[in-house]
Engineer: 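What follows is a structure written as structure tokens; I'll ask about it next.
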Amino acid sequence: MVRFLLPLFLLLSLFQLSAQSVNDYRTNGLDGNWTNVAIWEVFNGTTWVPATNYPGQVAGTNDISIIGNSEVTINSTIPNSFNSLSIGPGTMFVDADSSLDTPLITLNTGGIAEWTSNNTDLALPANASIVINGGNLVEDSPCNATKTITIGTSVFASCNGGGGGVDYDFGDINNNGGTLNVSPTSNGPLCVGQTLNLFANPGGAGSSGATFSWSGTGPGGYSFSSTLQDPTESSITAIGTYTYTVTITDSFSNSISESIDVVVNGAPNPPVSGGNQTVCFGISGTLTATVGAGETVDWYNAATGGTLLLAGNTSYSTSVAGSYYAETRNTTSGCVSTSRVGVILSNKSCTVITNRRITYRVNPGVTGPTGTPTTDMVINFFDDGQNGSGNPFQLQVRNATSVGFNYQIWLQNVPYASIPGLTLGDHTVNTINNGNGTFSYLFTSTSPISAFASRAITGSGGAPSPLGIGAACGCVSFFKL
């Protein structure tokens, strides 16, 4: 059975009073023997009612709480198992050899467990844990080696640590947050191809210096093993449920094992593109992609990695020409498609403007770049006014690869209609009036740029007017021819 101890079992203990289940038991404020039905209430699914059996008398008991400063004495074997026992504020007196078939006892703030007689043992099943969460085991009533806690077949602790073959005393348990325990967790659920991180989360007396042994099983004969406390696993290739078990062993060979299930989900299919679009300069176009039920689309500016532009929408609107990439995401599992689909937005000139004050004639036949978007070219330096009106235009670019190529530089949606004293170097230029007070410049190389080489387009006689803001505009993009 898969169980969660630290830290989840602490949350269970703290919140069980507000999250009841059918056949939960709690004390009603009276004191008495565990087997005295009159001191217990049971949750019937709607409300708390007087119990007709004591907890554990019949099968089906869930969680038990000793609260309200009640004092409960146990001196017998409780015949049936139950999920957990939470004490506090309240007291459990162990008056004679007793046995509780539960995997978890939590001593919350104000919770006390006291052995009131000598030669008295509280027996718990293998893999059981006692957790100290603000409460304590009484160590001075008086304390001796005949007051013991047995877990499984071994005496785990005596009150004073004596008795021969006993590894811990009650003080060790109080000071270390409980008996030896382990509470495996993970970063699941996962998607196929992701790395699984497993965490043992050891605690209690004996956990310092303990050793670990992990095993795992899953679909298709999958198996896993590790002796690390917190191992990782990157070999999961099939969807399904995987079970991982960790065993912690202290220096006295006491051990406890717990398991956790990890669900691995599959990747959804890539989106289906709604098609490329061409719009007038200055007008927004809406790119679309189609996915299946329970899926949505995240939009990026690159085929892999890149910047997330918009999350959770099957359409993306922009007026900026370029290539955009749609990725499918399952809204339940969070898994994403292993590839993205590209959708291109292109601009075209929808009007022809004649204005003698414009230095470069608007060419209605040019609608924007004709090449393929590329990151193989980068900006070395760009000044179109951010450094003051006295500084002429300068755009210096560099081939960031070891291969030469022809290219286009797309300077888009800037405020100036002309560039004073423009020297093109190895480029031609087309100027496009966007019709909204902004202009775009398409510089096309006249010869390939060499590997790792730089080229410059410069002006003279001062900056363009109105002034630009340089590379901060995000308006420069590159296209490979």
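Sequential numbering from 1 along the given sequence is applied to the chain's residues. No hydrogens, no waters, no symmetry mates; every other heavy atom, side chains included, goes into these values.
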Engineer: Answer with yes or no whether the side chains of N406 and S445 bring together a donor and an acceptor at under 3.5 Å.
Structural biologist: yes
Engineer: What are the two closest non-hydrogen atoms of F479 and S477, and how far apart are they?
Structural biologist: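 Here F479 and S477 meet closest at CE1-OG, 3.4 Å.
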Engineer: Tell me whether the NZ or CZ atom of K480 lies within the 45° cone about the ring axis of Y407 and under 6.0 Å from its centre.
Structural biologist: no
Engineer: Could you label the plane-to-plane angle of the Y324 and Y316 rings as parallel, tilted or perpendicular, counting under 30° as parallel and over 60° as perpendicular?
Structural biologist: tilted
Engineer: Show the nearest heavy-atom pair for residues I151 and N127, with the distance to one decimal.
Structural biologist: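 Here I151 and N127 meet closest at CG2-N, 4.2 Å.
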Engineer: Do you know which two heavy atoms are closest between S273 and V343, and how far apart they sit?
Structural biologist: OG-CG2, 3.6 Å
Engineer: Closest approach of P55 and I64, non-hydrogen atoms and distance?
Structural biologist: CB-CD1, 3.4 Å
Engineer: Do the numbers put R340 on top of the ring of Y300, so that NZ or CZ is under 6.0 Å from the six-membered ring centre and no more than 45° off the axis?
Structural biologist: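 Checked: cation-pi criterion met.
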Engineer: Hey, are N254 and D250 close enough side-chain-wise for a donor-acceptor pair under 3.5 Å?
Structural biologist: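 There is such a pair between these side chains.
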Engineer: Around atom CG of L310, are there more than 12 heavy atoms of other residues, nucleotides or ligands at under 6.0 Å?
Structural biologist: yes
Engineer: Would you please say whether a donor-acceptor pair under 3.5 Å links the side chains of S255 and T249?
Structural biologist: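 No, T249 and S255 have no side-chain donor paired with an acceptor closer than 3.5 Å.
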Engineer: Ignoring hydrogens and angles, state whether a donor on the side chain of N399 or T401 is under 3.5 Å from an acceptor on the partner side chain.
Structural biologist: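 The answer is yes; a qualifying pair exists.
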Engineer: Which residue, I409, I419, L411, V397, forms the side-chain contact (heavy atoms from CB on, under 4.5 Å) with I457?
Structural biologist: I409
Engineer: Would S215 and S225 count as having a side-chain donor-acceptor pair, cut-off 3.5 Å?
Structural biologist: no
Engineer: For the residue pair G342 and N276, what are the closest heavy atoms and their distance?
Structural biologist: O-OD1, 4.4 Å
Engineer: For Y242 and D261, does a side-chain donor sit closer than 3.5 Å to a side-chain acceptor?
Structural biologist: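 No.
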Engineer: Checking side-chain polar atoms at under 3.5 Å, does N176 have a donor or acceptor matched by the opposite partner on D172?
Structural biologist: no
Engineer: Do N108 and N133 have a side chain donor and acceptor closer than 3.5 Å?
Structural biologist: yes
